[in-house]
Student: 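Next up is a structure, given as structure tokens.
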Amino acid sequence: MSTPRGTETPAPSITSQARRKKERGQLGQPVRGASILGTGSYVPEKVLTNADLERLVETSDEWIVTRTGIRERRIAGEDEHTSQMAAAAGRRAIEMAGLDPLEIDMILVATVSPDMMFPCTACFVQKKLGAFNAACMDISAACSGFLYALEVARNFIAAGTHDYILVIGADKLSSLVDWTDRNTCVLFGDGAGAAVVGHREGKNGILQTVMGSDGRFSDILLMPGGGCRIPITKENIDQKLNTIKMSGKEVFKQAVIAMQAAALEVVERSGLRPEQISLLIPHQANSRIIDAIATRLKVPSERVFMNLERYGNTSAAAVAIALDEANRTGALKPDDYALLVVFGGGLTWAGTVLQW
Ligand code: UT7
């Protein structure tokens, strides 16, 4: 990462952090391998096109497509909450894994648009799925949340304390967006993606993950209101403090730097070369960010999975929905190496290499 504004010490690069850990022998292999046993996703029925947005704010289909690659996004109904989308995606993943919901022993929901401040959205999902043997918690790492949750799950599987973990990325950002702010409202959509993680004999499907964060950039992508610092009051709502604020250009720049570094680092730590990656599944935020990463990794466009033209940026759900679509459409074949790389508010970022 480059040096953040107003700080004297440069942020340590992901590479140097990993190298130091390697020297200390902290990059060991997991005791028990973890694989993805099933995937699922869900997007709401309602489609909001760029033409629809032209009627809401001063924008154009041409601007949105050329600057972001997005053509339409899905918007959840007023009564359709994050937990409902999460449960729908989770149910599909459990079905594909061939499990009964009662066999799931942990549910992790990555989200920044939970149904409520508490209880956690994972508990609502548990109730909907009847997965009553699961321990439930949410993970908050914005758009990076799904890979963070996947890595938490991998560690529980590796430790041998849990057998089947349902990992979900779900967000209803339409409920956090200022629909009069053209800088943000054209970007986001709603949805959920899920994966069941467990041990598969003779397979070590989740090969490596790198994760990083830099809180010095916490002010470039955030929703300031709604927590204890800026509670929900009429005054704060009138000032729209309970909506997403973003410095788009700065986020763009940091996204490219962090995702490129994370991608290169995790590929190296997996003992692979970029040309061995069969499918790059990046966070679906902006086609120009994705192009920059693919170019740096020298991954040709036909090996890059993209669905942002249909769904926009669905935050924690984006890479999870893409993984499920890649799985169900046959874009991922057995033993293929897939590279997932994400970036989000915090700032947070992560890269994961899977062997399918
Ligand atoms: O999940 C991770 C979170 N988010 C991201 O990854 C987003 C990262 N950032 C981006 O994707 C891009 O920065 C944006 C798509 C948000 C913006 O693209 P940009 O090329 O960085 O545009 P800009 O912000 O520099 O704006 C250029 C112009 C401005 O007009 P002026 O000041 O040059 O007259 C904006 O006001 O475009 C204007 N603009 C728009 N025009 C039409 C901003 N939004 C719109 C819009 N329609 N929706």
Side-chain angles (χ1 to χ4, degrees), residues 1 48-73 110-113 139-148 169-174 176-193 211-214 217-224 243-263 281-294 306-309 311-322 340-351:
M1 299 282 296
L48 186 73
T49 64
N50 290 350
D52 295 330
L53 283 165
E54 283 175 1
R55 289 186 282 275
L56 274 182
V57 287
E58 203 184 320
T59 190
S60 67
D61 175 58
E62 198 265 334
W63 191 96
I64 302 171
V65 172
T66 53
R67 300 287 180 126
T68 71
I70 300 165
R71 292 183 186 277
E72 56 186 46
R73 66 289 290 144
T111 186
V112 286
S113 45
I139 288 186
S140 177
C143 303
S144 307
F146 182 72
L147 290 194
Y148 271 60
D171 265 312
K172 183 179 175 179
L173 289 197
S174 65
L176 312 182
V177 156
D178 174 359
W179 286 101
T180 64
D181 176 13
R182 68 176 184 174
N183 290 293
T184 52
C185 77
V186 302
L187 304 175
F188 300 109
D190 302 333
M211 300 187 294
S213 310
D214 193 337
F217 289 94
S218 52
D219 60 341
I220 65 172
L221 177 51
L222 73 167
M223 189 180 93
T243 61
I244 295 171
K245 314 288 173 202
M246 183 176 73
S247 314
K249 260 198 188 330
E250 187 68 5
V251 172
F252 188 108
K253 194 175 115 195
Q254 298 305 331
V256 172
I257 294 169
M259 285 168 86
Q260 284 180 347
I281 306 179
H283 177 44
Q284 306 286 311
N286 186 311
S287 55
R288 290 183 294 141
I289 296 177
I290 295 174
D291 288 346
I293 293 152
M306 284 224 251
N307 61 14
L308 91 166
E309 66 281 4
Y311 303 140
N313 179 350
T314 55
S315 184
V319 82
I321 297 172
L340 282 65
V341 61
V342 294
F343 179 86
L347 296 176
T348 56
W349 59 86

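This chain uses plain numbering: 1 for the first residue, then up along the sequence. First listed ligand is number 1; within each ligand, the first listed atom is number 1.
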Student: Hey, what do you get for CD (Q254) to CG (L347), rounding to the nearest 0.5 Å?
Tutor: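 Nearest 0.5 Å value for the CD-CG distance: 6.5 Å.
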
Student: List the residues meeting side chain to side chain donor-acceptor pair (under 3.5 Å) with S287, not counting sequence neighbours, and say none if there are none.
Tutor: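 Here no residue qualifies.
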
Student: Whether the D171 and T314 side chains hold a donor-acceptor pair (N or O, under 3.5 Å, no angle test) is what I'd like checked.
Tutor: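 Not at all, the side chains of D171 and T314 share no donor-acceptor pair under 3.5 Å.
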
Student: Can you list everything that forms a salt bridge (Lys or Arg N to Asp or Glu O under 4.0 Å) with D178? Sequence neighbours excluded, please.
Tutor: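 With neighbours one apart ignored, the set is K240.
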
Student: Atom CG in N286, atom CZ in F343: separation rounded to 0.5 Å?
Tutor: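 Result: 12.0 Å between the selected atoms.
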
Student: For residues 53-60, which side-chain N or O atoms pair as donor and acceptor with protein atoms under 3.5 Å away, sequence neighbours left out?
Tutor:
from: E54; atom 1: OE2; to: D61; atom 2: N; distance (Å): 2.7
from: R55; atom 1: NH2; to: D52; atom 2: OD1; distance (Å): 2.7
from: S60; atom 1: OG; to: W63; atom 2: N; distance (Å): 3.0

Student: As a test of reading the model: which residues have a non-hydrogen atom less than 4.0 Å away from ligand 1?
Tutor: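 Under the 4.0 Å cut-off, ligand 1 touches E58, T59, W63, R67, T68, C143, R182, N183, V186, L187, L221, M246, G248, K249, V251, F252, H283, A285, N286, R288, I289, N313.
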
